[in-house]
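Index from 1, following the sequence.
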Amino acid sequence: MDADTKPTRIVILGGGFGGVYAAMTLEKGLRRRDDIEIVLVNRENYFVFQPMLAEVLSGQMGILEPVIPIRRLCPRTHLYFRDISSVDVEKKLVTLAPGYRPRPLVLEYDHLVIALGDVTDFRFDPGLRAHALPFKNLSDTLRLRDHVLRVLGEAEIEDDDELRQELLTFVIAGGGYSGVEVAASLNDFVREVGPKTFGLEPEDIRVILIHSKERLLQRELHSSLGEYAQRILRRRGVELMLEHRLRSATETHAILDDGSRICTRTLVSTVPSSPNPLVESIALRQKKGKIIADRTMRVEGSTSEWALGDCALIPHPSGEGDCPKTAQFAVRQATTCAHNILAAIDGRPAKTFNFTGLGSLGVLGHRTAVAQLPGGLKLSGLLAWLAWRTIYWWKLPGIDRKVRIALSWLLDLVVPPELVQSKFDPPQAMVHAHFEPGEYVIREGDVGDRLYIIIQGKAEILKPGSFVSEPEVMAEVGPGEIFGEMALLDGNRRGATVRCLEPLDVFTMAKNEFSHLVNFLPDLRRNVEQIAKQRQSTTPEPVPSDDACSTS
């Protein structure tokens with residue numbers, strides 16, 4: 001290539017099945033060509049083989065076993081591991097978030113492949129956003145695993161029966177593949193390590209799966225396989241709540257669409273799922289938040305943009321609806337897309353996507369699965385589980401990863417699961433929380449560990465001693481007001497109780513961060529002290545705590 005001629009740049013957004021396999025296919029198609037440059041942008045520097053995440057949760061597989069460095073899969077691709085700030089299709093620019101310098105990075109492109117996938121979307125439900133745990137990627141899996149180990153450890157030493165039951169109740173929302181696999185793996189894990197390692201009674205453990213349809217896997221599998229999955233899960237102790245939908249959540253409750261509440265400290269939600277929020281901001285034709293593309297993967301009305309995977313609407317080759325959101329479709333769409341981009345550059349005819357599916361597989365834990373294979377073949381039980389492991393093991397990219405996972409499975413037969421907490425996430429200074437009417441936000445006698453700032457809703461402050469008898473209201477607080485400041489200023493336990501009146505959203509600030517703010521901002525300290533003094537005029541002095549520490 002002439003030194004003055006710029007290579008044709010193909011920019012791929014997303015490092016899931018669609019993005020990575022598109023880059024891999026392009027590399028194979030280029031061979032020794034140097035007139036085309038491939039760029040891939042992703043937040044993480046690794047590709048996760050998502051079907052195996054449930055086994056990481058249950059300890060049957062090591063943390064890094066289903067994770068492969070993208071550099072190893074795509075050695076000729078230029079990689080940018082940053083967040084994407086914006087996409088300008090008019091100017092053909094992709095702007096990335098700053099790195100170590102506070103300056104954005106702008107990439108020009110000739111062809112753009114949008115393979116951003118979807119996310120578990122809690123944007124429109126503050127209760128779920130604040131208190132539900134998603135299960136979508138590796139960090140979600142590790143966070144959930146750490147949380148489960150923590151609640152099992154707390155349940156072992158907790159002497160309050162009501163709180164212990166909350167700790168030992170695990171709620172999963174969503175009866176598709178993700179929800180069923182999480183429920184099955186989590187159920188196996190807590191029922192194995194709970195009694196053996198933590199000395200918990202098996203009958204105290206509850207695992208509840210909530211699904212809005214009449215049966216599990218209703219959209220994914222034949223009715224006989226869905227019913228088999230239900231029987232197996234029920235036999236192993238999973239409680240199924242069908243034709244119910246998760247409406248909201250608080251720190252201590254999962255709230256259903258009929259208003260009923262489940263007391264729990266562990267809520268996993270695999271729904272609602274929607275395309276990556278960045279997709280909405282891209283000026284391309286969309287429907288229901290997804291980019292409309294044809295069966296060549298070219299975006300409708302565009303010549304340089306292509307879309308595939310979970311963030312795209314691509315007509316199913318059968319003529320019935322759109323392609324499903326599964327890895328097998330994303331991989332084949334990626335290979336079709338890569339072929340057609342090279343064909344467009346070279347002036348060759350495009351290829352049409354004709355893949356109609358190779359069946360479906362779902363693991364139910366405890367060496368059991370369900371499988372619906374081509375030709376109408378339906379398998380369940382151990383045989384389906386062996387098929388599940390064999391097929392997914394074969395689909396793993398890279399010989400080294402196949403060897404690692406095969407060894408991990410062999411060790412799982414003789415070695416107990418690891419119970420180490422990773423605790424990768426640093427504690428957050430500011431946390432969003434949601435409460436429902438009637439719930440206690442703080443109680444008299446609690447340790448003062450956080451300040452509460454009301455975003456919306458109302459709460460009432462009850463006089464000391466009143467939450468155990470007839471409540472006496474001392475004050476009401478609403479948007480823009482704070483509470484919980486008195487115990488932080490004085491280093492005492494909570495001197496009053498706060499109860500939610502209306503659906504309440506708050507930001508909570510940790511004690512250490514609050515101390516730094518009031519120490520370095522004298523005006524803020526005076527204002528907070530004035531609020532505390534007004535409330536103290538009608539509140540008896542709280543009893544000092546032995547373990548209280550001064551914040552001044």
Side-chain angles (χ1 to χ4, degrees), residues 15-21 23-25 28 44 46-74 135-138 141-142 145 176-178 180-182 184-186 188-189 217 220-221 225 229 232 309 324-335 355 357-375 377-418:
F17 280 96
V20 167
Y21 276 84
M24 291 168 62
T25 308
K28 290 177 184 176
E44 295 87 12
Y46 55 81
F47 165 77
V48 181
F49 199 76
Q50 286 181 321
M52 294 181 173
L53 285 180
E55 296 206 344
V56 175
L57 174 62
S58 63
Q60 295 174 298
M61 187 180 293
I63 291 172
L64 297 180
E65 304 303 343
V67 178
I68 308 164
I70 296 177
R71 290 188 188 279
R72 187 176 300 169
L73 297 175
C74 310
F135 189 83
K136 188 69 179 174
N137 51 42
L138 181 64
T141 306
L142 300 182
R145 181 176 166 79
Y177 280 126
S178 294
V180 168
E181 290 178 356
V182 171
S185 296
L186 186 58
D188 284 353
F189 183 65
L217 303 169
E220 294 83 358
L221 292 173
L225 294 176
I232 288 294
K325 301 190 300 180
T326 61
Q328 58 178 302
F329 273 84
V331 169
R332 275 115 184 137
Q333 289 167 4
T335 56
F355 178 72
L358 293 174
S360 301
L361 298 152
V363 68
L364 303 176
H366 207 66
R367 299 181 176 86
T368 309
V370 285
Q372 188 169 302
L373 302 177
L377 180 61
K378 293 185 281 292
L379 301 175
S380 59
L382 179 62
L383 188 59
W385 178 78
L386 291 172
W388 182 90
R389 281 208 161 176
T390 303
I391 291 170
Y392 279 128
W393 180 83
W394 182 255
K395 288 179 178 293
L396 277 164
I399 296 297
D400 61 326
R401 199 56 47 179
K402 286 183 170 70
V403 172
R404 285 176 181 272
I405 286 182
L407 291 174
S408 181
W409 282 340
L410 286 173
L411 287 173
D412 178 57
L413 298 174
V414 293
V415 178
E418 291 286 354

Is there side-chain contact between H366 and W385, with at least one heavy-atom pair below 4.5 Å? no
Apply side-chain contact (heavy atoms from CB on, under 4.5 Å) to T368 and list each qualifying residue two or more places apart in sequence or on a separate chain. Y228, I232, R236, L364
Apply side chain to side chain donor-acceptor pair (under 3.5 Å) to E65 and list each qualifying residue two or more places apart in sequence or on a separate chain. none
Listed partners of Y21 passing side chain to side chain donor-acceptor pair (under 3.5 Å), at least two apart: none
Does R401 have any side chain to side chain donor-acceptor pair (under 3.5 Å) partners at least two apart in sequence or in another chain, and if so, which? none
In Å and rounded to the nearest 0.5 Å, what is the CZ to CG distance from F49 to L138? 14.5 Å
Can you name the closest pair of heavy atoms from W388 and E181 and give their distance? NE1-OE2, 4.4 Å
How close do S185 and S58 get, counting heavy atoms only, and between which atoms? O-CB, 3.8 Å
Scanning both residues in full, the closest heavy-atom pair of A330 with G309 reads CB-CA, 4.3 Å
To the closest 0.5 Å, what do you measure between CD1 (I63) and CG (L57)? 11.5 Å
Any non-hydrogen side-chain atom of Q333 less than 4.5 Å from a side-chain atom of F355? no
For D400, what residues pass the salt bridge (charged side-chain N to carboxylate O under 4.0 Å, His left out) criterion, not counting sequence neighbours? R72
Distance, nearest 0.5 Å, that separates CG of L361 from CG of L221: 8.5 Å
Closest non-hydrogen atom pair between P66 and G62, with its separation: CD-O, 3.6 Å
Hey, could you give me the CG/CD distance between L379 and Q372, rounded to the nearest 0.5 Å? 10.0 Å
Determine whether L225 and L217 make a side-chain contact, defined as any pair of heavy atoms from C-beta on separated by less than 4.5 Å. no
If I compare all heavy atoms of A369 with all of V363, which pair ends up nearest, and what's the gap? CB-CA, 3.9 Å
Flag the pair V48 / N137 as yes when at least one side-chain heavy-atom distance between them is below 4.5 Å, and no otherwise. no
Taking atom NZ as the centre, does K28 end up with more than 12 heavy-atom neighbours from other residues, nucleotides or ligands that are less than 6.0 angstrom away? no
Output the distance between atom OG (S408) and atom CD (Q60), rounded to the nearest 0.5 Å. 9.0 Å
Does the side chain of R145 come within less than 4.5 Å of T141's, by heavy atoms? no
Flag the pair I391 / W394 as yes when at least one side-chain heavy-atom distance between them is below 4.5 Å, and no otherwise. no
Could you check whether the rings of F47 and F17 sit parallel, tilted or perpendicular, using 30° and 60° as the cut-offs? perpendicular
Test of understanding: with salt bridge (charged side-chain N to carboxylate O under 4.0 Å, His left out), list the residues that count as partners of E55, not counting sequence neighbours. R389
Distance col, row D412:CG vs L407:CG, nearest 0.5 angstrom, shows 12.5 Å
Less than 4.5 Å apart, side chain to side chain, heavy atoms only: is that true for L396 and M52? yes
For the residue pair I68 and Y46, establish whether any side-chain heavy-atom pair is separated by less than 4.5 Å. no
